[in-house]
Amino acid sequence: MNINNLFHKPVLLKEVIKNLIINKNGIYVDATFGLGGHSKAILDKLDKNGHLIAIDQDKESIKYNKIKDPRFMLVNNNFSEIKNILNKKKVSGILLDLGLSSFQIEHSNRGFSHQLNEILDMRINQESKYYAKDVINKSSRKKLFKIFREYGDFKNCKNIVDKILKNRIKNKIENTFDLKKIFFIKGSFRKKKNFFSRLFQSIRIEVNNEIGNLKKFLINSIDYILPKGRILIISYHSLEDRIIKNFFKKGILCEKIFTIYPFLSIHKKVIKPDVEELLKNPRSRSARLRVAEKNSIYK
Ligand SMILES: C[S@@+](CC[C@H](N)C(=O)[O-])C[C@H]1O[C@@H](n2cnc3c(N)ncnc32)[C@H](O)[C@@H]1O
């Protein structure tokens, strides 16, 4: 693949830089490196003693890194392993830009897009043994219900689950279009697109344990951010945003309720892309940025 064709416009870039960098000589983490758009801008802003540690669990994305800078280090790992990656180091700020890069959606050949006919893979980490086709062909009825209800926010999943169960007996569902063709969605192009986006998103969340990783990261990040250091998270669907909002604004994470909040929200409202950004990058439309500061009561 020609690396010059690879492209991902970093989302909410100005807002990220303005809110993340509180000390130009600090250590920062870009926990979702992707094609390095945010990382590059962070390095441009840091002074010579500043450092950036970037993480991505996708080896292929890492392979395309073009940043060469003595202040920069790139690690192939899952951000839920932040504890092992930072190994007792505390940092001034961490950025998480969740989800996938345009490269992964359009060029990785892993079935992330319902518009391309590709194998139902959907693994961000290619070393994992759990594929999207396993979710579809091997999950129990109960598990499929949970995936579509919780991760896709489908109110009535019975129809979806019944169709999958009925069709997978006849033929294995191996590719994205095999999956699409078992559904007949009435209505506009937009309605169909929305249905398949949510269907594919829910399978991807399951394959990559995205909610589990986010929760583990949030809990562990408390110990690795300096008092008054920043945590910035860009999410692209309401399930993730709700988890982040509850943690930053109510001190609630999973079943745990913190009487002293570990992080304090900086802004009353979530930050969304402005009209200018939406025009330049329509993909940014669902992005929501939340910014919080580590409560200095926690050391
Ligand atoms: C939206 S893209 C980030 C784009 C990046 N900010 C840029 O400007 O190029 C999200 C990236 O996070 C990575 N990713 C998703 N979940 C991850 C996880 N649990 N641990 C590490 N990387 C992850 C994906 O592989 C993808 O490259």
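One is the number of the first residue; the rest follow in order along the sequence. Just so you know, ligand 1 is whichever comes first in the structure, and atom 1 is the first atom listed for that ligand.
- Annotation: ligand 1 has protein neighbours H8, P10, A31, T32, F33, G34, L35, G36, G37, H38, D56, Q57, D58, N77, N78, F79, D97, L98, G99, L100, S101, Q104, I124, N213, each with a heavy atom less than 4.0 angstrom from the ligand.
- Within the structure, the ring pair (Phe, Tyr, Trp, His ring centres under 6.0 Å) test picks out the following pairs touching residues 118-164 (sequence neighbours left out): F154-F195.
- Heavy-atom neighbours of K245 NZ from other residues, nucleotides or ligands within 6.0 Å: at or below the threshold of 12.
- For the pairing with F177, the side chain to side chain contact (heavy atoms under 4.5 Å, CB included) check across L116, L120, N117 returns one residue only, N117.
- N78 CG to N209 CG: the interatomic distance, rounded to the nearest 0.5 Å, is 8.0 Å.
- Using cut-offs of 30° and 60° for the angle between ring planes, the H114 and F196 rings count as tilted.
- Other residues, nucleotides and ligands contribute more than 12 heavy atoms inside 6.0 Å of the NZ atom of K180.
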